[in-house]
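Here's the structure we're looking at; comments come further down.
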Amino acid sequence: MRIATWNVNSLRSRITRVEAFLERHDVDVLAVQETKAKIDQLPLMGLQSMGYDVAAAGISQWNGVAIISRVGLDDVRVGFPGMPGWGDAQEQEARAVGALCGAKDGRGGVRIWSLYVPNGRKPGDPHYVYKLDWLARLREAAQAWRDEDTALVGDWNVAPFDEDVFDMAQFKNSTHVTPAERAAFHAFVEDGYADVVRPFAPGPEVYTYWDYFRNRYERNRGLRIDFVLGSPSLAQRVTGAFIDREERAGTGASDHAPVVVDLADG
DNA sequence: ATGGTCGGGAACCGA
């Protein structure tokens, strides 16, 4: 089974590229972030005609997430127990929270969580405090999923290592690289989740996001902030992975590239 | 310190 994650920066404006990506790489399950649309605004007809089902959590203007699957969607969940504002969509909208939804594939083998970690804006900002709280609560919830085939995939808005940043000097006093954010990310690894892509796409100068400003992509001035973290049993099934860097090229691209992971049958 | 470019939704805000 081939799974992927991609911050599409608006599913409506990116739908043609999403469909082409799924076909080009023969993807079974795609987790998307920043759908930027309510569920009833999503352009699903083309995806459905390609054999995909869609589960979505449309929470605010910019942080919606979805899972697109052609191997079924069982036991779809939105949010996680303990998630700030869990069960209160209006509060989530008001607080511009991160978003997360998860589903098992049709054979019940893998639970994939599509997650958009809140953007902290600036260290010390209320959104930054909220981001750390959100990650801590997700960690607690994820500990209960560690003994299953679980994939935590998406835009973590954290660059865990210096080599994941094109120029650390430009990130003084910036979010994404603070010790607290990095510790929050590494806590998942300490609990047994593994970055299953990095062994197949080692740095330095390997990124998943390039700002639209200043020709950052053309100059490869990016960040690695999109990750697939696998529980131990899921990580054992990984046979390969890659970042589809070329998807970021040209006009009409998202500012993030997709990340693809291959799994052996469980 | 600021600016640069996108997307959404119709003026800027947030990434």
Side-chain angles (χ1 to χ4, degrees), chain A residues 5-21 31-44 56-66 84-85 89-100 114-132 134-135 153-160 164-178 181 185 207-227 243-259:
Chain A
T5 181
W6 188 10
N7 180 325
V8 294
N9 185 19
S10 168
L11 190 52
R12 277 181 289 181
S13 69
R14 214 72 60 210
I15 188 61
T16 302
R17 275 182 176 258
V18 168
E19 292 166 357
F21 165 78
V32 295
Q33 300 87 37
E34 290 202 62
T35 53
K36 291 189 173 180
K38 300 210 187 319
I39 293 166
D40 58 6
Q41 296 175 307
L42 294 177
L44 303 181
I59 290 177
S60 87
Q61 257 187 16
W62 61 88
N63 70 354
V65 295
Q90 286 187 327
E91 181 183 341
Q92 292 178 11
E93 172 104 33
R95 296 178 66 177
V97 301
L100 178 149
S114 177
L115 62 103
Y116 178 76
V117 174
N119 186 304
R121 302 194 184 180
K122 288 279 185 186
D125 186 287
H127 290 84
Y128 175 85
V129 175
Y130 179 81
K131 175 184 190 176
L132 294 177
W134 195 95
L135 280 168
V153 313
D155 179 356
W156 288 75
N157 273 319
V158 178
D164 300 330
V165 181
F166 69 90
D167 180 6
M168 281 297 295
Q170 292 199 26
F171 282 78
K172 289 242 180 213
N173 307 315
S174 293
T175 184
H176 291 61
V177 302
T178 64
E181 290 166 281
F185 179 90
Y207 309 122
T208 65
Y209 162 84
W210 300 260
D211 205 306
Y212 287 123
F213 304 160
R214 295 188 164 202
N215 296 317
R216 287 269 172 82
Y217 174 71
E218 289 76 7
R219 300 187 296 135
N220 196 30
R221 309 280 278 172
L223 303 174
R224 190 200 281 239
I225 55 175
D226 299 87
F227 297 101
I243 298 163
D244 184 13
R245 190 184 187 286
E246 288 67 36
E247 174 56 46
R248 177 63 179 80
T251 56
S254 169
D255 43 2
H256 293 251
V259 180

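Just so it is clear: chains get the letters A, B, ... in the order the sequence lines come, proteins before strands, and each one is counted from 1.
Remark: the Asn215(A) side chain and the Arg221(A) side chain contain no N/O donor-acceptor pair separated by less than 3.5 Å. Side-chain contact check for Lys131(A) and Asn119(A): no donor-acceptor pair (N or O, by modelled atom type) lies under 3.5 Å. Residues Tyr209(A) and Arg248(A) have side chains that never bring a donor and an acceptor to within less than 3.5 angstrom of each other.
Nucleotides dG3(B) and dC13(B) have their P atoms positioned 14 Å apart, rounded to a whole Å. dC6(B) and dT2(B) are spaced 23 Å apart, taking the P atom of each and rounding to whole Å. Between dG4(B) and dG14(B), the distance separating the two C1' atoms is 15 Å to the nearest Å. Taking atom C1' on both dA11(B) and dG7(B), the two are 14 Å apart, rounded to the nearest angstrom.
Partners of Asp226(A) according to the salt bridge (charged side-chain N to carboxylate O under 4.0 Å, His left out) rule, which considers only residues two or more places apart in sequence or in another chain, do not exist here. In this structure Asp244(A) satisfies the salt bridge (charged side-chain N to carboxylate O under 4.0 Å, His left out) test together with Arg24(A), sequence neighbours excluded. Qualifying salt bridge (charged side-chain N to carboxylate O under 4.0 Å, His left out) partners for Arg17(A), counting only residues two or more places apart in sequence or in other chains: Glu247(A).
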Using a cut-off of under 3.5 Å, enumerate the N/O to N/O pairs linking the protein to nucleotides 11-13 of chain B.
none

Would you tabulate the pairs of protein nitrogen or oxygen atoms and nucleotide nitrogen or oxygen atoms of nucleotides 1-4 of chain B closer than 3.5 angstrom?
{"unit_1": "dG3(B)", "atom_1": "N2", "unit_2": "Arg214(A)", "atom_2": "NE", "d": "2.8"}
{"unit_1": "dG3(B)", "atom_1": "N2", "unit_2": "Arg214(A)", "atom_2": "NH1", "d": "2.7"}
{"unit_1": "dG3(B)", "atom_1": "N2", "unit_2": "Arg214(A)", "atom_2": "NH2", "d": "2.0"}
{"unit_1": "dG3(B)", "atom_1": "N3", "unit_2": "Arg214(A)", "atom_2": "NH2", "d": "3.1"}

> Going through the checks in order, is the side chain to side chain donor-acceptor pair (under 3.5 Å) test met by Ser114(A) and Gln33(A)?
Replying inline: CA-CA 7 Å; Ser114(A) 177; Gln33(A) 300 87 37; 3.1 Å; yes

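Applying a 4.0 Å cut-off to non-hydrogen atoms, none of the residues of residues 166-174 of chain A approaches DNA chain B.
Nucleotides of DNA chain B nearest to His176(A) and Ala253(A) differ in position, and the one nearer the 5' end is that of Ala253(A).
The ring of Tyr212(A) has its center no closer than 6.0 angstrom to the ring center of Tyr217(A).
The local environment of CG in Asp167(A) is crowded, with over 12 non-hydrogen atoms from other residues, nucleotides or ligands closer than 6.0 Å.
Going from atom CD of Glu34(A) over to atom NE2 of His256(A) covers 5.5 Å, rounded to the nearest 0.5 Å.
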